[in-house]
Structures are given as C-alpha cells and as structure tokens.
Peer 1: 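My structure is below; once you've seen it, I'll send some questions.
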Amino acid sequence: MEFVRKWVQIVFGFLTNGYWAFPFTRNIYQGPLKVICAPGLNCYSCPAATTYCIIGSIQQLLANVRLSLEGGQYFFGLYVIGSAGILGGLFGRMICGWACPFGFVQELLHKIPSRKFGVPRPLRYGKFVFLVVFVILLPALVVDEFGAGHTWFCKYICPAGTLEAGIPMVFLQPGLRANLGYLFLNKIVILVLFLIWSVLASRPFCRTTCPLGAFYALFSRHKLVKLKLNRDNCTSCGACHPVCPMGVKFDESPEDQDCISCMKCMTKACRFDAIYLEVGGIPVTTGKTVGQPVAVEK
Amino acid sequence: MTLTKRRKHHLVEKGPFIVIASFLVIWFIGISLGEPVRVIEQAVSICLSCIGIG
C-alpha cells in the first residue's frame, strides 16, 4: 500500500505541476486548467502549476471583497469554498496523505537518517489559528486606504509558496532579484526551518501550520472515505501508534482530526484486522475473520 | 465474518452525502455569481508580494 501511495503522490505532484514549458516561457502556466483547484497545498504561482491553490485563492478573494462589492460583484469565495468542501466531504485529510506535493516533500525529507522527535500535541491546534487568523480574518479585515487587503498566509508564512514559486521565479526572472528584501528573507528562514524540522519530525507543517489541512480536518467525522476501527478485534496493543506519520493513536481516537488515511496502521501495524477502510459506511477492505464493527464512541 | 456479510450489516452513512451536497450547492452559487472568472484571473497572474518578492 505504501508503494501505491507513493505513486499516487508522484502522479498528483505531476498533475498539479504539469506545465513543463516554463523554462522556455519563463512564466507561469496561464491556461484554462487554472479554474480547477489543486487538492493539496500547491502554490499557483509555481511556474509548473496547472491548477489554483485553495488557500491562495480564498485569501485573494477575501482581500479584495470590498473592491468587488463596490464593483457590484459578489465574490465571497463560494466557488473556492465549495470546491474545497466537496473534496473535504469526499476524502478529508486523506488528500494530505495521498495528493499533497508539500506533504510528499516532508515525507521524503523525513527519510534522511537522523535522530527523530515527536511534535508536541498542543501545537496541532496551531493550524486552526493560521486558518482563521491568517487566511480569513486578516485578509478580510486589514485593508489599505484603497480597501484592498493582503494575502497574509502566502505573504508571510507559506513555505510551500517559497519553495515552489518564490525561489524558482527568482531564477526564471533575474530582474526580480532587485526586489528581494526582508520579506523574502523571512520566508526563506521559515522554509529552511520547516525543511530542517521535517528531517527531525514527521510532517511538522501538516501537523502544526497547514490551513488547508485544518480545513480538511473539519470533515474527519463526516467524510465519505475513511479508516474505521473494529473495537471487537482491537486488543489495544498500541502497534498502530509508532507507525503513524501524524502521531495519531488510532485505537484511542479513530476519527482523529490529524488522520491522513495513509493506511500504514492498517497494512503495516495491525495484526488483528481491527482497522478497515470504509466508503460511505460500507467496508471495502477484505477482512480475514472479523466481527461486526461496533459504533465508535464519541 | 466475510466482507459480503459485513457489508450487509452496515447502513450507508448519510452524513458525508449531506456534506457533499451542501458544498455542491455553495459551489454552484459561486459559479452563478461568476467567481470562476475571478479565480482564473488571479491564478494566471503572479502576485509577487504573495511569494515574498517585493
């Protein structure tokens, strides 16, 4: 299953970054596919990006909502929120585990041999703060004299944007180098810190900072495709704890907000067939000799 | 218990379908307001300050 997941991650990485003419055009893709959202966190200013970024787009729309209203246009981000919500209702954070390029980068970095550390549990609530404050409130409420806001998360935080767009564009368009300043330095420092942290801990950005992951986490209980726990078979041996890249203790919280449905617990750890995949309430993974799954305590 | 028998014991969960249908409605409202045009306008132009340049 890990082999399949890696290939799915690679395929999604190429699908969302499939514009390979950029070394010749020295510009980003400007075709019609950019009306489709990237399921994972993938900067749409990346020269190879073929789709738009949910987080970047919602900030842009909220930052300019006053100007839109003045022009008689009601652009509140409903199209973007609708797209993200449909994906969330279908897959939730499974997208983080299977279709996010920046998540894939973090996984690759974590394979570098080094001493490994956990991520403190309280930090996982940070991503909700970034979603509410940096993606929604600040862009919508803090505006300049013309009524335009800023894309606060992209501008000051997003390491994916720096890696996929900021650095490549500086190389593609040398004229931009004259504009580099503290803003770029700040973003480079954040990127480097996250890259180092990814070597030492598993998926630190996904667990602590990613606003898209926070949005998808809201669907942890009501998503179509999810892993379930069969409590009849679970012996609470804890074998599912160390394999989880997100630090989820699946036997204790099977509907955890951080479960990315990578299925490592199901395929690599559980010897009692207590974890299975379910689509819309219907089990789809084969069991050997399992009992009737019981309702998960809430 | 085999997979087939397990499936018979399960009821289809309505929650995810309600969630998806709700966001489909939101998505269609966004389309009817013409938002995709604005989204693509934003996506095809580079916002330099958004990527830390400028």
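This one's a predicted model, so the numbers in the text were calculated from it and none came from an experiment. Quick note on labels: first sequence line is chain A, next is B, and so on, each numbered from 1.
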Peer 1: Let's go through B/L33 and A/Q73 carefully: what are the C-alpha distance in whole Å and the side-chain angles of both, what is the deciding distance for side-chain contact (heavy atoms from CB on, under 4.5 Å) to 0.1 Å, and is it a yes or a no?
Peer 2: CA-CA 8 Å; B/L33 292 172; A/Q73 296 165 318; over 6 Å; no
Peer 1: With a 4.5 angstrom heavy-atom cut-off, is it the side chain or the backbone of A/K223 that approaches chain B, or both, or neither?
Peer 2: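 Answer is backbone: N, CA, C or O of A/K223 sit under 4.5 Å from chain B.
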Peer 1: Which one, A/S83, A/G31, A/C53, leads in non-hydrogen pairs under 4.5 Å with chain B?
Peer 2: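 The option with the most such pairs is A/S83.
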Peer 1: Please examine the side chains of A/L61 and B/E35, heavy atoms only from C-beta on, and report whether any two atoms are closer than 4.5 Å.
Peer 2: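 B/E35 reaches A/L61 side chain to side chain.
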Peer 1: What part of A/F219 gets closer than 4.5 Å to chain B, counting heavy atoms only: side chain, backbone, both or neither?
Peer 2: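 Side chain of A/F219 only, per the 4.5 Å heavy-atom cut-off to chain B.
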Peer 1: Just checking, any donor-acceptor pair under 3.5 angstrom between side chains of A/S68 and B/R38?
Peer 2: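 Yes, side-chain donor-acceptor contact under 3.5 Å.
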Peer 1: What part of B/V44 gets within 4.5 angstrom of chain A, counting heavy atoms only: side chain, backbone, both, or neither?
Peer 2: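 Both backbone and side chain.
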Peer 1: B/C50 and A/H150: side-chain contact (heavy atoms from CB on, under 4.5 Å), yes or no, with the steps?
Peer 2: CA-CA 8 Å; B/C50 300; A/H150 296 284; over 6 Å; no
Peer 1: Tell me, side chain or backbone of A/N27 under 4.5 Å from chain B's heavy atoms, or both, or neither?
Peer 2: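 The answer is the side chain of A/N27.
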Peer 1: Check whether any side-chain heavy atom of A/K155 sits under 4.5 Å from a side-chain heavy atom of B/C47, and report yes or no.
Peer 2: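 No, too far: nothing below the 4.5 Å cut-off.
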Peer 1: For B/S45, which atoms come within 4.5 Å of any heavy atom of chain A: side chain, backbone, both, or neither?
Peer 2: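 Contact with chain A: backbone only.
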Peer 1: Using side-chain heavy atoms (C-beta onward) and a distance below 4.5 Å, is B/W27 in contact with A/L78?
Peer 2: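 Answer no - side chains too far apart.
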Peer 1: Among A/G181, A/G89, A/G280, which has the most heavy-atom pairs under 4.5 Å with chain B?
Peer 2: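 It is A/G280.
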Peer 1: A quick test of your reading: do over 12 heavy atoms of other residues, nucleotides or ligands sit less than 6.0 Å from CZ of A/F91?
Peer 2: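 Check fails, neighbour count at 12 or below.
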Peer 1: Can you confirm whether B/I40 sits close enough to A/Y52 that some side-chain heavy atom of one is under 4.5 Å from a side-chain heavy atom of the other?
Peer 2: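 They are not in contact (no side-chain heavy atoms under 4.5 Å apart), so the answer is no.
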Peer 1: Heavy-atom distance under 4.5 Å to chain B: side chain of A/Q59, backbone, both or neither?
Peer 2: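 Neither part; nothing is under 4.5 Å.
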Peer 1: Considering all heavy atoms of both residues, which atom of B/A43 and which atom of A/Y44 are nearest to each other, and what is their separation?
Peer 2: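 Nearest heavy atoms, B/A43 then A/Y44: CB-CD2, 3.6 Å.
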Peer 1: Which bit of A/T162 is near chain B, if near means a heavy-atom gap under 4.5 Å: side chain, backbone, both or neither?
Peer 2: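 No part of A/T162 comes within 4.5 Å of chain B.
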Peer 1: Could you give the distance from OG (B/S49) to OH (A/Y156), rounded to the nearest 0.5 Å?
Peer 2: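 Going from OG on B/S49 over to OH on A/Y156, the span is 8.0 Å.
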Peer 1: A side-chain contact here means heavy atoms from C-beta on lying under 4.5 Å apart; do A/L183 and B/I53 qualify?
Peer 2: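 Heavy-atom side-chain distance check fails, nothing below 4.5 Å.
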Peer 1: Select, from A/A49, A/A178, A/G77, the one with the greatest count of heavy-atom pairs under 4.5 Å involving chain B.
Peer 2: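 Going by pairs under 4.5 Å, I would pick A/G77.
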Peer 1: Report which part of A/V279 has an atom under 4.5 Å of a heavy atom belonging to chain B: side chain, backbone, both, or neither.
Peer 2: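 Answer is neither: A/V279 stays 4.5 Å or more from chain B.
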Peer 1: Which one, B/V19, B/V39, B/L48, B/I31, leads in non-hydrogen pairs under 4.5 Å with chain A?
Peer 2: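 Max contact count across the listed options: B/V39.
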Peer 1: Return the option, out of A/I28, A/I81, A/T151, with the maximum number of heavy-atom pairs under 4.5 Å with chain B.
Peer 2: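 Highest number of pairs under 4.5 Å: A/I28.
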Peer 1: For chain B, which of A/G88, A/S57, A/G161 has the most heavy-atom pairs under 4.5 Å?
Peer 2: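 Ranked by heavy-atom pairs under 4.5 Å with chain B, first place is A/S57.
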Peer 1: Should B/E13 and A/K226 be marked as a salt bridge (charged side-chain N to carboxylate O under 4.0 Å, His left out) after you check the CA-CA gap, both sets of side-chain angles, and the distance that decides it?
Peer 2: CA-CA 12 Å; B/E13 274 185 23; A/K226 60 181 166 186; 3.6 Å; yes
Peer 1: Just so I know, are the side chains of A/C154 and B/I51 near enough to count as touching, which here means a heavy-atom distance under 4.5 Å?
Peer 2: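 No, too far: nothing below the 4.5 Å cut-off.
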Peer 1: So A/L224 and B/F17, do their side chains get closer than 4.5 Å, heavy atoms only?
Peer 2: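 Side chain of B/F17 against side chain of A/L224, heavy atoms only: contact under 4.5 Å found.
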Peer 1: Can you tell me how far OH of A/Y79 sits from CD1 of B/I29, rounded to the nearest 0.5 angstrom?
Peer 2: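 With rounding to 0.5 Å, CD1 (B/I29) is 14.5 Å from OH (A/Y79).
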Peer 1: For B/I18, is it the side chain, the backbone, both or neither that has a heavy atom under 4.5 Å from a heavy atom of chain A?
Peer 2: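 Neither part.
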